[in-house]
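Working notes, beginning with the structure itself.
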Amino acid sequence: MKLQSVSLWLLGIILILCSVDSRSFRRCLISTDMHHIEESFQEIKKAIQAKDTFPNVTVLSTLETLQSIKPLDVCCVTKNLLAFYVDRVFKDHQEPHPKILRKISSIANSFLYMQKTLQQCQEQRQCHCGQEATNVTRVIHDNYDQLEVRSAAIKSLGELDVFLAWIDKNHEVTSSA
């Protein structure tokens with residue numbers, strides 16, 4: 001009888017731990033039209049990258065760095081990189097061409113919307129920020145800071161496709177269109 005009680009107790013604990021663990025891995029849905037963002041970027045990509053004076057330097061570090069992010073840290077890294085683009089890159093970039101500026105503004109507005117969604121996830125404790133997420137974010141900010149502000153903004157805008165592809169791969173995205 002005692003063995004049966006202990007077995008049931010252990011099974012109950014295991015089920016509770018599994019449910020807590022699965023909640024922490026739940027991905028937040030990003031409800032936005034990623035196709036529209038990618039399309040907007042593709043329309044300005046050549047013009048932005050033509051201004052890049054450091055073709056062998058990267059701000060987003062390597063694609064491998066982003067791909068090595070553990071599932072538990074994906075939400076936090078995404079939230080941090082959205083903030084990086086909104087608070088630094090889009091603000092630092094000085095664009096004289098109205099058409100390109102409109103596309104960048106459209107992308108920035110989409111990023112603000114995604115930020116809001118991920119902020120709600122963090123408030124619901126579904127967006128864990130571990131040491132790895134902090135380290136990756138710090139490396140990206142350090143890479144940005146090593147360049148002159150204008151060059152760093154252009155470089156980061158030119159690498160936007162890397163970040164967008166990473167979002168597509170790591171998040172459940174639902175179209176809001």
Side-chain angles (χ1 to χ4, degrees), residues 27-45 47-49 51-95 100-123 125-173:
R27 292 183 178 173
C28 292
L29 290 177
I30 297 178
S31 178
T32 193
D33 188 355
M34 288 300 293
H35 179 71
H36 173 73
I37 298 171
E38 290 164 351
E39 214 172 66
S40 293
F41 175 68
Q42 289 304 318
E43 290 178 26
I44 63 171
K45 180 179 178 176
I48 296 292
Q49 290 180 343
K51 298 176 187 177
D52 186 355
T53 55
F54 300 100
N56 296 326
V57 176
T58 180
V59 171
L60 287 183
S61 197
T62 61
L63 185 57
E64 293 81 32
T65 302
L66 288 177
Q67 289 177 342
S68 69
I69 299 297
K70 293 181 180 93
L72 193 59
D73 288 325
V74 165
C75 176
C76 182
V77 170
T78 306
K79 186 178 71 66
N80 290 346
L81 289 180
L82 288 169
F84 166 73
Y85 272 95
V86 169
D87 297 338
R88 296 191 74 183
V89 177
F90 297 138
K91 286 182 181 177
D92 290 344
H93 183 68
Q94 302 294 316
E95 183 54 58
I100 294 173
L101 187 58
R102 278 192 302 274
K103 295 293 179 183
I104 291 172
S105 293
S106 174
I107 294 168
N109 286 334
S110 295
F111 277 25
L112 283 168
Y113 183 78
M114 287 189 283
Q115 259 187 311
K116 182 180 174 186
T117 300
L118 294 179
Q119 182 62 38
Q120 291 169 348
C121 288
Q122 189 168 31
E123 289 168 5
R125 299 186 191 268
Q126 294 179 354
C127 193
H128 171 79
C129 287
Q131 189 61 43
E132 183 180 9
T134 303
N135 292 343
V136 167
T137 304
R138 185 179 310 118
V139 166
I140 291 168
H141 280 275
D142 289 348
N143 291 344
Y144 190 88
D145 292 337
Q146 288 176 9
L147 296 170
E148 182 266 325
V149 173
R150 184 179 181 281
S151 297
I154 289 169
K155 171 62 71 180
S156 299
L157 280 173
E159 295 178 354
L160 196 55
D161 55 344
V162 173
F163 181 44
L164 296 175
W166 186 78
I167 289 174
D168 269 344
K169 180 181 177 208
N170 288 284
H171 283 277
E172 290 182 46
V173 180

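What you see below is based on every heavy atom in this structure, not just the backbone, and it leaves out hydrogens, waters and symmetry mates.
Looking at residues two or more places apart in sequence or on another chain, you find a side-chain hydrogen bond (donor to acceptor under 3.5 Å, both in side chains) between D92 and Y144. Applying the side-chain hydrogen bond (donor to acceptor under 3.5 Å, both in side chains) test to E39 and every residue at least two apart in sequence or in another chain returns H35. Contacts of D142 classified as salt bridge (charged side-chain N to carboxylate O under 4.0 Å, His left out), with partners at least two apart in sequence or in another chain: none. Every residue meeting the salt bridge (charged side-chain N to carboxylate O under 4.0 Å, His left out) condition with K51, not counting sequence neighbours, appears here in chain and number order: E95. Qualifying side-chain hydrogen bond (donor to acceptor under 3.5 Å, both in side chains) partners for Q94, counting only residues two or more places apart in sequence or in other chains: none. Here R138 pairs with N135 under the side-chain hydrogen bond (donor to acceptor under 3.5 Å, both in side chains) rule; sequence neighbours left out.
For T137 against N80, the heavy-atom pair with the smallest separation is OG1-ND2, 3.1 Å. Closest of all the heavy-atom pairs between F111 and V86 is CB-CG2, 3.7 Å. When all heavy atoms are compared, the tightest approach of K155 to V57 is NZ-O, 2.7 Å.
Cysteines C76 and C129 place their SG atoms closer than 2.5 Å to one another. C121 has its SG atom at least 2.5 Å from the SG atom of C75.
In summary, the side chains of S106 and H36 do present a donor paired with an acceptor at a separation below 3.5 Å, with no hydrogens or angles considered.
A donor-acceptor distance shorter than 3.5 angstrom exists from the side chain of E159 to the backbone of V59, with no hydrogens or angles considered.
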